[in-house]
Amino acid sequence: MIGIGQELKICHLYPDLMNLYGDRGNVIALRRRAEWHGLRPSVEEVSLEDKSDFRRFDVIFIGGGQDREQKLICLDFQKVKGSALTEAVEDDAVLLAICGGYQLLGSYYQTGEGERVPGIGIVDLWTVAGKKRLIGNVIVETDLIEGPGPKTVVGFENHSGQTYLGAGLRPFGKVVTGYGNNGEDGGEGVIYRNTVGTYLHGSLLPKNPGVTDFLLRRALLRRYGVAELKPLDDMAEMRAHEAAIRRAKTKAY
Amino acid sequence: MGLRKILAIWTAKLAIGVSHLFGRGGSTFPGRLARRLAPGLLPVLAGQLPRGVVLITGTNGKTTTARMISGLLGAAGLRVVHNRSGANLITGVTAAFIAAADWRGRLAADIGLVECDEATVPKAVSELSVRVLVVTNFFRDQLDRFGELAHAVELVRSGAARLGPDAKLILNADDPQVASIGREVGLPAVYYGLEDGRHGTKEMVQSREAKHCLNCGEPYVYGHYFYAHLGQYRCPKCGQERPRPDVAATHVELLEARGVELAIRSPEADFTVRVALPGLYNAYNALAATAAGLAVGVEPEAIRRGLAGVVSSFGRMEPIDVGGRRVLIALVKNPAGFNEVVRAVLGDPDPKRLVIAINDNYADGTDVSWLWDVDFEQLATAGDGIDFIVTSGLRAEDMAVRLKYAGVETNRITVEDDLAAALGLALKRVGAGQTLYVLPTYTAMLGVRRVIAKMGYARHFWQA
Ligand SMILES: [Zn+2]
């Protein structure tokens, strides 16, 4: 059993640059739920030029950003952080990457003009700029969520990049409503070791407590070898989850 | 004017009458109809204005700034056509001009005043004889409509690039992205900005906008932050910096709820203005309005009188009497604006009673993620200061979760999707003389207005 007050180190990567569409809600959710589970979370913000050993973190988070910011980050990865972050991922640190952050995990992003902007290459995926912007509410089904709760994940996608996964890689979930990675193959996001990449904003974690607990469990297993989390009162969260499903199914706009 | 255009005006005027009859003040239908019947109508109408059009865009403050400009133009004796209904797409602008024209298509006005969102700027510039373009600020707002903030900036820039050679740009010097437009468009620009360091902070609070040099990517160094990312910035690497304001507020007095007072330095004169709207962001609005007034040749004395007469606009903290209870409605549409509203609510010493109504229709922004960028944690620290919060609208449940994660005690939160039921529920818990704050997104605000009108209060809302 997890002892009361055990620490959980959260790293918020580039909070000043990658912060589109309320993605910081994911850090708020990780911190709150960790507290409610009796853990002692701390959040460290890491930005450009900071060189960190990312293996000391339990959960690393990176959100979405605008093109200009994403280019700055690419440079920072190449010059400063790339190898340290790769080591942490290979060491099974939990990493959650949303939208632009998700695209950066891959080997490249190909712009509309055919230019290939390199990513970090942690995960075997790549993104190609599409003609149409993929926008709307999304419902995804995933087998990663444990317990009696729903296996659905809800969120909002807003991307023009179309992402493709390399052979043998699993998507984070299967699209029920929405576009997902590319609007073609029915996959949404990626799961690789303890790294989850996804296009879902919303913010993702608050309305999907099962996903938050999945990430926390993986982090605790890695650090403490055990990961029993007691169930929490998720009534408010589940109501929002169900409302998002209803909203996704009524194409009102 | 050709017969086709006259006919379009008549049809649209009838449609406007009909849509008012059904209580839809903000309908875009009449404008759309007129544009279909006579595509060249708006340029012909606007072309009649001897002093052209003042166009206002930017994320926050454009409605308030437009009201201030309208006030000072009126004080200068000018007759103004103004699209004030809040439907500020080009169809709404067309409808406003038609409503102001007579049945023969003659516009009895001297000057046009048009507020529009960033995406509409290129179209507005091409159809209206714009003499002055005011750009207030760029914050993230309903971004799923434009894709990215950078794209919104680009739209304004391309619109500005198409202005005539005698047009003037009025730009907020304190916002790096706004000021950059002046550098890149070859037109004379008038910059406005705050110079009173007493209101600056050394730390940036509650903003998630770009803080990196638009020229070279190095983080800006700020002397002061005034409001979110607005402030006195400089790039330590390439030296790009805030332009020196031509129209500057050298002293700003915050008179709490009574408003703000500004000492203004300008090439024309040094003078003082006062406006009865509180908060530093209204100092920015008043400054933008002053700069616009000076640009169209309004005397400082008329500016002073005009601004003094501005009262808070509908939907922005205007109290309504509902059976002896005060209902204050404040439109919320993006994180920076929402934070200001929350701060204003927390300034009330009484226990706070709130309805927060979040819709995710197109006009609200279909992505509710932005709620996570609002600092509701401010509310949680009020503790017992919060009596209750009813969340409502299509995304009532999301709002409730946001409050829970902000640390607001869940027994103070009630979820009621239906707006009428939510208002009823809340009003039952508000005593005589007490205040209910209603914070809706745009389409939720239209719903709130309908509900309150149906209850028999404030029937002719949209005319306010
Ligand atoms: Zn620079």
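Note: B/Asp367 CG to A/Asn137 CG = 8.0 Å, rounded to the nearest 0.5 Å. One finds the CZ atom of A/Phe156 at 3.5 Å from the OG1 atom of B/Thr366 (value rounded to the nearest 0.5 Å). A distance of 10.0 Å separates CD in B/Glu218 from CG in A/Leu72, rounded to the nearest 0.5 Å.
The only option from A/Arg246, A/Met238, A/Arg247, A/His241 that meets the side chain to side chain contact (heavy atoms under 4.5 Å, CB included) definition with B/Glu397 turns out to be A/Arg246.
Between A/Asp23 and B/Trp372, the closest side-chain pair of non-hydrogen atoms is not below 4.5 Å. Two residues are said to be in side-chain contact when any heavy atoms from C-beta on lie closer than 4.5 Å; B/Glu377 and A/Ile28 meet this criterion.
Contacts with chain A were tallied for B/Val415, B/Leu371, B/Asp417; B/Val415 has the most, counting heavy-atom pairs under 4.5 Å. Contact count versus chain B (heavy atoms, under 4.5 Å) is highest, among A/Glu237, A/His201, A/His159, for A/Glu237.
Under the 3.5 Å distance criterion, the side-chain polar atoms of A/Arg32 are matched with a main-chain donor or acceptor of B/Tyr405. Between the side chain of B/Ser369 and the backbone N or O of A/Gly22, no donor-acceptor pair lies under 3.5 Å.
The two atoms that bring B/Val368 and A/Lys207 nearest to each other are CG2-NZ, 4.4 Å, heavy atoms only. Across all their heavy atoms, B/Asp398 and A/Ala240 have their closest contact at N-CB, 4.1 Å.
Only the side chain of A/Leu48 comes within contact range of chain B, with at least one heavy atom under 4.5 Å from a heavy atom of that chain. Looking at B/Ala406, the atoms closer than 4.5 Å to chain A (heavy atoms on both sides) all sit in the backbone: N, CA, C or O. When heavy atoms are compared at a cutoff of 4.5 Å, A/Asn26 does not approach chain B at all.
Residues passing the side-chain contact (heavy atoms from CB on, under 4.5 Å) test with B/Ala426, sequence neighbours excluded: B/Val355, B/Phe388, B/Val390, B/Leu436.
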